[in-house]
Amino acid sequence: MMEANATAAPAGKCDGCGATDVPLMKISLGRDFFGRVYDRLSPSADLSPKWYCDRCSVEKNLQRDFRDIKGEFEKLTKGAASALGQADQFERAKLRLKEIAALLAADALKPSLLKPDEVVALARAVETHRAASPA
């Protein structure tokens, strides 16, 4: 199933895992983990688009969520305004990190874009931060 914000391409080489002669897609318009709009593949901004097979496309979405959560967590730990300052967003992010870690640990994905140790480290840091913060 292809998302409405994905563009299909003829068979080629996946920029994630290197698989050849597989259907590919790129994600252009959408929302990040926190619901903010992004447009990473507009013609004027994207001079070398990346194309992904189905499996890598899933991992790319997980990578985007990981990167969004990591960026907001870094802001939070520095005392800056962060989407994670809201308890519900913090809990969503914590659960999403657990989901991503579980997918990687269960070998549901053969990661080529995400580093499992980085996901686990961020999940631990988020859990520790939550435990250290007054509720």
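Sequence positions, counted from 1, serve as the residue numbers for this chain.
- To the nearest 0.5 Å, atoms CZ (R64) and CG (L114) are separated by 11.5 Å.
- Residues K75 and A81 share a closest heavy-atom pair of CD-O, 3.5 Å.
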Requested in this report: Walk me through it: do K13 and W51 pass the test side-chain contact (heavy atoms from CB on, under 4.5 Å)?
Outcome: CA-CA 8 Å; K13 183 178 177 186; W51 293 86; over 6 Å; no

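- Note on L103 and V120: separate hydrophobic clusters, where clusters join Ile, Leu, Val, Met, Phe, Trp and Tyr whose side-chain heavy atoms are under 4.5 Å apart, directly or indirectly.
- Ring pair F73/F90 is tilted by interplanar angle, where 30° to 60° counts as tilted.
- Residues A93 and L84 approach most closely at CB-CD2, 3.5 Å, considering heavy atoms.
- Note that NZ of K70 and CD of Q63 are 10.5 Å apart. Values are rounded to the nearest 0.5 Å.
- Here the side chain of E72 pairs a donor or acceptor atom with the backbone of A83 at under 3.5 angstrom.
- One finds the OH atom of Y52 at 10.5 Å from the CG atom of L24 (value rounded to the nearest 0.5 Å).
- Partner of D65 under the side chain to side chain contact (heavy atoms under 4.5 Å, CB included) criterion, chosen from R96, K60, E99: R96.
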Query raised in the report: Going through the distances and angles, do F66 and L97 end up as a side-chain contact (heavy atoms from CB on, under 4.5 Å)?
Result: CA-CA 7 Å; F66 171 79; L97 288 171; 4.0 Å; yes

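- Closest of all the heavy-atom pairs between C53 and C14 is N-SG, 3.4 Å.
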Requested in this report: With side-chain contact (heavy atoms from CB on, under 4.5 Å) as the test, would you mind laying out the steps for F33 and R92 before giving the verdict?
Outcome: CA-CA 9 Å; F33 181 77; R92 271 186 71 236; 3.6 Å; yes

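- A pairwise comparison of heavy atoms in I100 and V119 identifies CG2-CG1, 3.8 Å as the closest pair.
- What you find for H129 and L76 is that their closest heavy atoms are CE1-CD2, 3.6 Å.
- Under a 3.5 Å cut-off, the side chain of E127 and the backbone N or O of K94 do not form any donor-acceptor pair.
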